[in-house]
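Order of the sequence lines fixes the chain letters, A, B, ..., with proteins taken first and strands second; residue numbering starts at 1 for each chain.
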Protein chains: 2
Amino acid sequence: MSFPSTPVTDTPPTAPAQGPAFSPLYQQIKGLILQGLEAGEWRPGELIPSEMELAARFRVSQGTVRKAIDELAAENLVMRRQGKGTFVATHAAQQVQYRFLKLQPDVGDLREEGRAQRQIIDCKRLRAPAEVARLLALRSGDAVMQVRRVLAFAGVPTILEEIWLPGQAFKGLTAEQMGSYQGPTYAMFELEYGVRMVRADEKIRAVLPDAEQAELLAVSNSTPLLSVERVAYTYNDVPMELRRGLYRTDTHHYRNALN
Amino acid sequence: MSFPSTPVTDTPPTAPAQGPAFSPLYQQIKGLILQGLEAGEWRPGELIPSEMELAARFRVSQGTVRKAIDELAAENLVMRRQGKGTFVATHAAQQVQYRFLKLQPDVGDLREEGRAQRQIIDCKRLRAPAEVARLLALRSGDAVMQVRRVLAFAGVPTILEEIWLPGQAFKGLTAEQMGSYQGPTYAMFELEYGVRMVRADEKIRAVLPDAEQAELLAVSNSTPLLSVERVAYTYNDVPMELRRGLYRTDTHHYRNALN
DNA sequence: TAGTGGTCTAGACCACATA
DNA sequence: ATGTGGTCTAGACCACTAC
């Protein structure tokens with residue numbers, strides 16, 4: 001068993017309990033499981049140990065482990081399947097494909113449209129511009145990969161995007177690789193680079209395209225487009241991707257559920 | 001005690017358990033609490049009975065009630081406060097004001113900008129156009145209220161919106177009422193009309209304004225704007241508001257967190 | 001048949017708020 | 001001091017999956 005049987009320390013009853021202190025047991029367990037996920041002890045799509053097993057390992061009750069896993073499941077980091085076990089979430093899973101893509105056709109469903117056709121415009125290694133560096137928590141001038149591509153649905157070019165990735169983690173990324181992989185790009189990132197995106201933030205604006213953008217999307221330069229700037233994070237809130245997209249919204253719309 | 005002491009029926013062990021059947025106990029309890037919320041037994045902002053009290057009323061354990069309330073809290077229908085109790089959620093609560101408004105200033109915070117200035121353009125009673133009727137689950141031609149207004153932040157007109165409400169539930173709504181109420185419009189709806197919005201769906205597009213829209217927002221007619229069509233629902237997925245907004249995104253942006 | 005997660009219970013103790 | 005929600009445990013049984 002490669003995972004150390006870490007005994008969870010009780011809060012010393014004599015300690016003055018200063019500062020932030022006090023974290024519920026299940027939060028500590030959640031943290032330990034998270035460490036395993038980060039460390040790659042269990043890879044995306046794999047089964048993690050059963051609740052009973054984790055309870056024995058951490059010397060807590062099954063109920064405490066359950067509550068820890070409940071929170072991980074609520075954050076989409078793992079997926080429970082009754083009768084089978086708990087699995088590390090993956091962007092390759094059929095049910096959650098394109099989890100971060102909120103663009104929907106006005107009629108029908110994205111999955112019915114079939115796979116998007118991808119046209120890679122270029123894939124370069126560059127020095128990070130200041131703004132890109134800032135959003136990726138790099139230093140200005142650090143190496144980054146830049147990919148530009150167009151996604152077409154049903155033959156209609158709909159999304160033009162510019163993807164920026166930390167050069168260190170994505171060393172060796174090629175246009176060929178971006179173009180040939182079937183399925184979500186985020187699934188490829190997991191498989192080829194061991195980088196799993198767990199959440200993202202988007203800033204959305206309405207803009208007009210410049211001449212090049214208009215041509216790539218086959219629209220006039222007076223066609224308003226959605227500008228979607230996304231920063232995607234891996235574990236521990238580490239930013240690992242900046243994606244700047246232009247979406248055509250004449251036949252599609254950005255859909256958002258507010259709770 | 002106005003709430004009947006409803007005994008929860010066990011699934012008859014002899015019943016053939018056909019069809020969908022089988023709902024966990026805590027889901028049934030959740031449904032019963034929901035009925036109380038819908039019926040207005042406890043109003044927005046009020047305290048609901050303690051877990052122990054509900055457990056006694058429904059003849060189940062406290063743990064089962066807790067799980068029911070956990071789900072209601074996750075859906076923002078109630079709010080728990082340790083040591084005090086569980087409260088019916090309200091749009092008037094300081095912490096969740098403007099829960100459905102995703103527009104943020106590029107620098108700073110909406111709350112720091114102070115209250116929005118509201119300019120009511122008009123407030124009319126109309127017969128519902130076909131599309132409005134469809135989205136509000138009414139019949140074409142049914143009475144609806146229409147409010148048009150401009151919201152300005154720091155003196156800059158930023159949002160132009162058109163609000164459609166079912167005429168029956170919002171009989172008597174006036175421009176004066178829309179303009180004079182301090183705080184979120186949704187809080188006024190709760191207070192004055194007993195209608196609580198619990199979730200919403202938005203469809204977002206990039207558009208260009210027509211002449212009137214451009215003038216009201218003080219932009220040129222070639223300034224791209226966000227078009228945000230929101231349908232807000234009360235309990236039981238009943239649509240109660242259609243709101244069509246145009247957002248300026250030169251100094252603000254629409255912010256979305258992806259999980 | 002065995003193992004998994006899902007539900008339900010009962011009881012103990014903790015942290016927080018109020019009187 | 002009392003009552004609230006929050007945590008933790010232990011054990012029982014249920015539903016689903018696989019062998």
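Summarising the geometry, the separation between NZ on B:Lys84 and P on D:dT2 is reported as 21 Å, rounded to the nearest angstrom. Taking atom CD1 of residue B:Ile29 and atom C1' of nucleotide C:dT7, one finds them 13 Å apart after rounding to whole Å. What separates CE of B:Met79 from P of C:dC16 is a distance of 17 Å, to the nearest Å. Whole-Å rounding puts the B:Lys67 NZ to D:dC8 P distance at 17 Å. With rounding to whole Å, B:Met52 atom CE is found 10 Å from C:dG11 atom P. If you take CZ of A:Arg81 and C1' of C:dT4, they are 12 Å apart, rounded to a whole angstrom. In this structure, A:Gln62 places its CD atom 13 Å from P of C:dT7, rounding to the nearest Å. Following rounding to the nearest Å, B:Arg59 (CZ) and C:dT9 (C1') show an atom-to-atom distance of 17 Å.
You won't find any donor-acceptor pair under 3.5 Å spanning the side chain of B:Arg80 and the base of D:dG6, going by distance alone.
A:Tyr235 and A:Gln35 share no side-chain donor-acceptor pair at under 3.5 Å. Side chains of B:Tyr254 and B:Glu202: a donor-acceptor N/O pair is present below 3.5 angstrom, by distance only. Between the side chains of A:Tyr181 and A:Glu176, not a single donor N or O lies within less than 3.5 Å of an accepting N or O. For the residue pair A:Thr185 and A:Arg149, a side-chain donor N or O sits within less than 3.5 Å of a side-chain acceptor on the partner. Side-chain contact of B:His253 with B:Asp106: a donor-acceptor pair under 3.5 Å is present, judged by distance alone.
Listed nucleotides: C:dG5, D:dT9, D:dT7. Nearest to the side chain of A:Tyr26: D:dT7. Comparing D:dG6, C:dG5, D:dT7 by their nearest atom to the side chain of B:Glu51 picks out D:dG6. With C:dT7, D:dA10, D:dT7 as the choices, the nucleotide that has an atom nearest any side-chain atom of A:Ser61 turns out to be D:dA10. Nearest nucleotide to the A:Arg66 side chain, out of C:dT18, D:dC8, C:dG5: C:dG5.
A:Gln82 comes within 4.0 angstrom of a base, heavy atoms only.
Each of A:Gly83 and A:Pro24 was matched to the nucleotide of DNA chain D holding its nearest heavy atom; the match closer to the 5' end belongs to A:Pro24.
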